[in-house]
Amino acid sequence: MRFLHGLGAALAASVLLVSGACQSEAEAGPAAAQAVRKVEVTVDSAGGPRVFHVELARTTAEQERGLMFRTNIPQDGGMLFAPYPADGPPREASFWMKNTPTALDILFIRADGTIARIGENAVPFSEENVKSGEPVAAVLELNAGVSAKLGIRAGDKVRWEKQ
């Protein structure tokens, strides 16, 4: 009898384990199944070229999710929203940090590739809007403080291979 009781507990535990795995996959959605597209971005600053290896957010869904829930952004990593917006011509951008636990620098990039404005040290989980102040064609999110540390400023040129 003790064997059957032990077997029942083991069976129940494996059902919970499989159920949890399926739930995690379902919560991640189809986007998680796709390979993350990365792109090399170079910022030409007064201190020389600064290279980043960032994820590319091209679709509206990818741009809406951005770096939400992420805590493991590499020092040379981040996310490029290009084109911005995904579904139309350049426009004024407004970003917030809701559900984003990592402080970020948000670089707003004009159609000519120059940085229009940098929203430095955007506060994690904040619902305050960080705005570009003018129409932009792309947005680059980096770890907070990286822009100041590397001397990246408004007017610097940003380039990447268009995909």
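Pairing each heavy atom of Ile109 with each of Val136, the nearest pair is O-CB, 3.2 Å. Of all heavy-atom pairs between Ala137 and Ala111, the closest is CB-CA, 3.6 Å. Among all heavy-atom pairs drawn from Ala138 and Ala82, the shortest one is CB-CB, 4.1 Å. Annotation for Val130 and Ala122: closest pair CG2-CB, 4.4 Å, computed over non-hydrogen atoms. In terms of heavy atoms, Met68 sits closest to Glu64 at CE-O, 3.7 Å. Here the closest heavy-atom approach between residue Gly145 and residue Asn121 is recorded as N-OD1, 3.4 Å.
Aromatic pair Phe95/Tyr84: centroids less than 6.0 angstrom apart.
In the hydrophobic clustering of this structure, Trp160 groups with Leu107; members are Ile, Leu, Val, Met, Phe, Trp, Tyr whose side-chain heavy atoms approach within less than 4.5 Å, directly or through other members. In the hydrophobic cluster analysis, where Ile, Leu, Val, Met, Phe, Trp and Tyr join through side-chain heavy atoms closer than 4.5 angstrom, Phe81 is grouped apart from Val39. Residues Leu56 and Leu67 do not share a hydrophobic cluster, defined by chaining ILVMFWY side chains whose heavy atoms lie under 4.5 Å apart. Under the 4.5 Å side-chain heavy-atom criterion for Ile, Leu, Val, Met, Phe, Trp and Tyr, Val51 and Leu140 are members of distinct hydrophobic clusters.
Within 6.0 Å of atom NZ in Lys157, more than 12 heavy atoms from other residues, nucleotides or ligands are found, so the atom counts as buried in its surroundings.
Residues Leu104 and Leu142 are not in side-chain contact: their nearest non-hydrogen atoms beyond the backbone lie 4.5 Å or more apart. Side-chain contact between Thr114 and Val158 is absent, with no heavy atoms from C-beta onward closer than 4.5 Å. Inter-residue side-chain proximity for Ser94 and Lys131 is flagged as met; some heavy-atom pair is nearer than 4.5 Å.
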Task: Val139 and Ile106: CA distance, side-chain angles, deciding distance, side chain to side chain contact (heavy atoms under 4.5 Å, CB included) verdict - done: CA-CA 7 Å; Val139 178; Ile106 304 172; 3.6 Å; yes
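Partner of Glu55 under the salt bridge (Lys or Arg N to Asp or Glu O under 4.0 Å) criterion, chosen from Lys38, Arg70, Arg37: Arg70. Tested against Asn143, the residues Asp76, Ile73, Asp105 include a single side-chain contact (heavy atoms from CB on, under 4.5 Å) partner, Ile73.
With hydrogens and angles disregarded, no donor-acceptor distance shorter than 3.5 Å links the side chain of Arg153 to the backbone of Ser45.
Between Arg91 and Glu134 there is no salt bridge, since no side-chain N of the basic residue sits under 4.0 Å from a carboxylate O of the acidic one.
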